[in-house]
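As the structure lists them, so they are numbered: ligands from 1, and atoms in each ligand from 1. Below, each value reflects all heavy atoms present in this structure, side chains not excepted, and no hydrogens, waters or symmetry copies.
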Amino acid sequence: MTQKRPNILFIMADDHASKAISCYGAGLNHTPNLDRIADEGVRLNHCYVTNSICTPSRAAILTGTYNHVNSVTTLDTPIDNRGPNVAKHLRTGGYQTALIGKWHLGEGKAHEPTGFDFWSVLPGQGEYFDPYMIEMGKEIEVPGYATDVITDKSLEWLNQCDPDKPFFLMCHHKAPHREWEPHPKNRHLYQEDVALPDTFNDEYKNRAKAASEARMRIKDDMKYVDLGLVQPEGGAEVGERTKPGSTDRRIPNPEDVSNLRLIDRDTGEVFTFESQDELSHFKYQRYLKRYLRTIHSVDESVGRMLDWLDETGQADNTIVVYTSDQGFFLGEHGWYDKRFMYEESFQMPFLMRYPAEVPAGTICNDMLCNVDFAPTFLDYAELTIPNYMQGKSARSVLGGEVTEDWDQVAYHRYWMHRDPDHNAYSHYGIRDQRYKLIYWYNDGFDLPGTNQGGQDTEWELFDCDKDPLELFSVADDPAYAEVRREMLAKLTAKMAAIGDEPAHCE
Ligand code: CA
């Protein structure tokens with residue numbers, strides 16, 4: 001073992017879409033500190049999550065395995081912490097290890113973090129203000145704003161590290177997860193209205209029914225509580241289920257909006273509306289601005305971490321990664337949330353700086369998946385990648401050496417069919433550099449008494465070059481019959497390689 005092995009600083013946000021990082025070029029906001037990682041390192045355009053939801057993504061990152069192997073397929077399947085993970089390998093291999101911030105892989109002795117010398121995590125989703133944390137098994141309350149608290153604790157741990165040994169720190173922010181509560185000092189940011197995405201008023205034609213059935217629309221489904229709003233009558237939150245397990249909901253944008261009064265929870269400001277369109281526009285603006293304001297704090301926090309590396313002379317020998325557990329819809333197709341294999345939620349932002357191997361300003365268009373993270377870290381740490389890991393080390397790819405045998409596909413499977421809150425359909429599929437094939441197998445998580453699993457299964461095929469907004473499935477277009485056959489072959493081969501079972505595949 002040599003002291004030259006790099007430190008690994010892994011910073012992960014929660015639900016941070018790449019479009020809300022300025023170096024990705026969408027023009028929504030300015031994130032100078034995140035951009036600095038890309039400017040001095042590499043920005044990935046095709047990094048993908050294998051299951052676009054918090055808990056399963058975190059399990060894939062930690063273990064380097066797909067969800068049917070690590071058994072963390074849904075939000076309700078906590079990790080079995082007796083299994084191996086990347087932190088355990090790094091710790092055994094001489095690294096000092098810590099995890100600080102969001103965990104969301106379960107609580108209690110069977111599910112709390114293992115493999116870390118120090119851990120301090122938010123229970124569940126955690127709170128934005130004065131969060132409770134479980135620190136080494138003990139509950140504590142920490143005053144302050146969650147993003148600052150997580151950063152302070154991270155720097156505190158880094159400062160007590162032995163400088164003669166490398167460190168591995170997983171710094172996991174809660175932000176920008178809903179309810180998108182910004183730090184009070186940032187509430188004034190982003191006064192200008194944000195342009196609506198081109199697909200905001202998507203009518204969900206020419207595709208599988210999953211898109212029209214999902215209840216993730218900003219206009220119809222977003223809860224006012226997530227926007228920091230209350231209603232004066234104090235009744236049931238509009239948009240919530242009328243009773244547990246029911247699919248009935250009060251309509252969040254009633255036909256007659258003239259009686260609707262929404263009140264800002266922090267300032268008391270009262271909002272009224274003349275039309276549904278006005279209400280819809282208001283909700284979108286409020287959502288985006290709150291989201292971007294919470295990201296402002298994350299960017300500042302990353303700046304503090306980069307400064308610390310500079311001040312302690314460790315910038316050159318530290319791999320800095322910034323990513324998010326998945327992407328997020330920022331009004332595309334009219335949606336918020338994630339879950340789908342459509343590009344906005346499927347793509348993870350991924351920025352990395354490691355001057356020793358990665359030239360500044362590199363743009364990487366090769367395909368990575370979050371199961372590749374763990375083996376990649378072990379490779380950088382000069383440790384053996386264990387056989388159980390299904391991802392591959394991306395070290396050569398990140399360094400700019402694209403090898404012929406690098407697998408340019410990403411596999412996605414979402415298991416929580418028709419969960420009560422979002423009604424997203426279960427599916428699996430594969431994306432390569434040009435096309436995306438999705439099989440909506442529609443099974444697995446129906447509400448009691450409503451099982452429609454396996455009925456009306458559908459295929460979607462998108463030409464990502466010609467139709468980047470994914471508005472026209474060409475699955476049944478004769479001109480794409482050969483492409484569909486090829487993509488099905490890729491999907492079948494991938495599922496066989498990783499051992500995932502097809503679901504009553506046609
Ligand atoms: Ca998430």
Side-chain angles (χ1 to χ4, degrees), residues 10-21 24 34 47-63 66-67 70 72-79 99-107 111 113 121-128 131 146-147 150 170-181 214-216 218 221-223 226 287-288 290-292 294-295 297-299 301-302 321-332 335-351 369-371 373 410 412-416 419 421-422 424:
F10 178 79
I11 307 171
M12 182 161 72
D14 192 355
D15 297 357
H16 192 171
S18 59
K19 281 185 182 170
I21 299 177
Y24 277 96
L34 298 178
C47 183
Y48 293 104
V49 64
T50 188
N51 185 349
S52 182
I53 199 160
C54 296
T55 308
S57 173
R58 289 157 196 272
I61 288 168
L62 204 60
T63 63
Y66 289 91
N67 295 137
N70 59 48
V72 185
T73 51
T74 73
L75 293 175
D76 306 313
T77 50
I79 198 164
L99 185 145
I100 295 165
K102 185 166 171 180
W103 169 245
H104 208 195
L105 281 164
E107 289 160 32
H111 310 300
V121 299
L122 301 167
Q125 299 288 1
E127 300 292 332
Y128 271 106
T147 305
I150 291 164
M170 302 187 93
C171 170
H172 291 183
H173 287 294
K174 169 192 170 53
H177 194 280
R178 70 182 184 188
E179 292 87 10
W180 311 298
E181 295 191 52
R215 285 199 293 269
M216 302 176 358
I218 294 166
D221 303 308
M222 182 171 270
K223 295 178 181 182
D226 284 340
Y287 160 44
L288 256 287
R290 287 164 66 85
Y291 181 83
L292 297 175
T294 64
I295 288 168
S297 291
V298 174
D299 183 68
S301 156
V302 169
V321 170
Y322 184 84
T323 187
S324 166
D325 60 346
Q326 20 42 227
F328 213 67
F329 292 104
L330 303 181
E332 299 89 356
W335 291 328
Y336 62 100
D337 216 75
K338 54 253 182 179
R339 297 163 195 277
F340 282 149
M341 198 181 164
Y342 300 128
E343 201 70 2
E344 292 85 359
S345 58
F346 187 27
Q347 187 205 352
M348 307 167 82
F350 191 100
L351 313 173
C369 187
N370 58 344
V371 295
F373 295 1
H412 185 271
R413 182 166 189 170
Y414 176 75
W415 307 67
M416 295 181 69
D419 80 287
D421 282 331
H422 308 87

Whether Lys174 and Asp14 form a salt bridge (side-chain N of Lys/Arg under 4.0 Å from carboxylate O of Asp/Glu) is what I want to check. no

What pairs with His172 under ring-ring contact (aromatic ring centres under 6.0 Å, His included), at least two apart in sequence or on another chain? Phe10

Not counting sequence neighbours, which residues clear ring-ring contact (aromatic ring centres under 6.0 Å, His included) with Phe346? List them please. Tyr48, His412

Which N, O or S atoms belonging to the protein are less than 3.0 Å from the Ca ion (ligand 1)? Asp14 OD1, Asp15 OD1, Cys54 SG, Asp325 OD1, Asp325 OD2, Gln326 OE1

Please name all residues satisfying side-chain hydrogen bond (donor to acceptor under 3.5 Å, both in side chains) with Gln125, sequence neighbours left out, ordered by chain then number. Lys102, His177

Kindly say whether the aromatic ring centers of Phe350 and Tyr322 come within a distance under 6.0 Å. no

side-chain contact (heavy atoms from CB on, under 4.5 Å) for Gln347 and Tyr24? Distances and angles first, verdict last. CA-CA 12 Å; Gln347 187 205 352; Tyr24 277 96; 3.7 Å; yes

